[in-house]
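Have a look at the structure below before the remarks.
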Amino acid sequence: MSCERFSRAIGAIALTLAALTLAPGCVRRTIEVTSEPSGAMVWLNDEQLGRTPVQTDFKFYGTYDVRLSLDGYEPLSTSAEAVAPLYEYPGPDLLVAALPLHNRIAWHFELKPTLESTDKPAAERAIIDRGRALRASVAP
């Protein structure tokens, strides 16, 4: 291979890499949150998203704080991780930047019914018992 051909090949590769780095990122990133039962209000990093099933776009991979709330069910406060696929790591991301990709992260949460919604008499007895125990602990 002549020196001139080699220079042209290197130039073409450099131009292609430069174009890819300047190209707008076409990777769409979404997080979808579902729950059983559905209809729970969802907060992601203290931002209210809506009721399940709900979907939102995101920019950064990592750990997110997730809260779910639904009447008749215990509130759920946990964390979930959005893990980057291999093509999002530095290096390969330059090669796939111009491709129309969609990275969808799906999280599903099971909500537990409250005692009040499953056994109201037992819940009332538990409240009365806690009140009696509190009164006994502060009585002289």
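Any value given below was found using the heavy atoms of this structure, including those in side chains, with hydrogens, waters and symmetry copies removed. Sequential numbering from 1 along the given sequence is applied to the chain's residues.
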Flag yes if more than 12 heavy atoms outside Asp129 fall under 6.0 Å of its CG atom; otherwise flag no.
yes

Looking at OG1 of Thr78 and CG of Leu68, how far apart are the two atoms once the value is rounded to the nearest 0.5 Å?
9.5 Å

Within this structure, what is the CZ-CD1 distance for the pair Arg29 and Ile105, rounded to the nearest 0.5 Å?
10.0 Å

Can I get a per-line list of side-chain donor-acceptor pairs under 3.5 Å for residues 130-137, giving both atom names and the distance, sequence neighbours left out?
unit_1: Ser137; atom_1: OG; unit_2: Leu134; atom_2: O; d: 2.8

Apply side chain to side chain donor-acceptor pair (under 3.5 Å) to [X] and list each qualifying residue two or more places apart in sequence or on a separate chain.
{"X": "Arg104", "value": "Glu32"}
{"X": "Thr30", "value": "His102"}
{"X": "Asp46", "value": "Arg67"}
{"X": "Glu110", "value": "His108"}

Check for a donor-acceptor pair, side chain of Asn45 on one end and backbone N or O of Asp65 on the other, with a separation under 3.5 Å.
yes

Return the minimal non-hydrogen interatomic distance between [X] and [Y], and the atom names on each side.
{"X": "Glu81", "Y": "Trp107", "answer": "O-NE1, 3.4 Å"}
{"X": "Val83", "Y": "Asn103", "answer": "O-ND2, 4.4 Å"}
{"X": "Leu111", "Y": "Glu74", "answer": "CD2-O, 4.3 Å"}

Tell me whether the rings of Phe58 and Tyr64 are parallel (<30°), tilted (30 to 60°) or perpendicular (>60°).
perpendicular

Show me the donor-acceptor pairs within less than 3.5 Å that the side chains of residues 35-44 make with the rest of the protein, sequence neighbours left out.
unit_1: Ser35; atom_1: OG; unit_2: Pro37; atom_2: O; d: 2.6
unit_1: Ser35; atom_1: OG; unit_2: Thr52; atom_2: OG1; d: 2.7

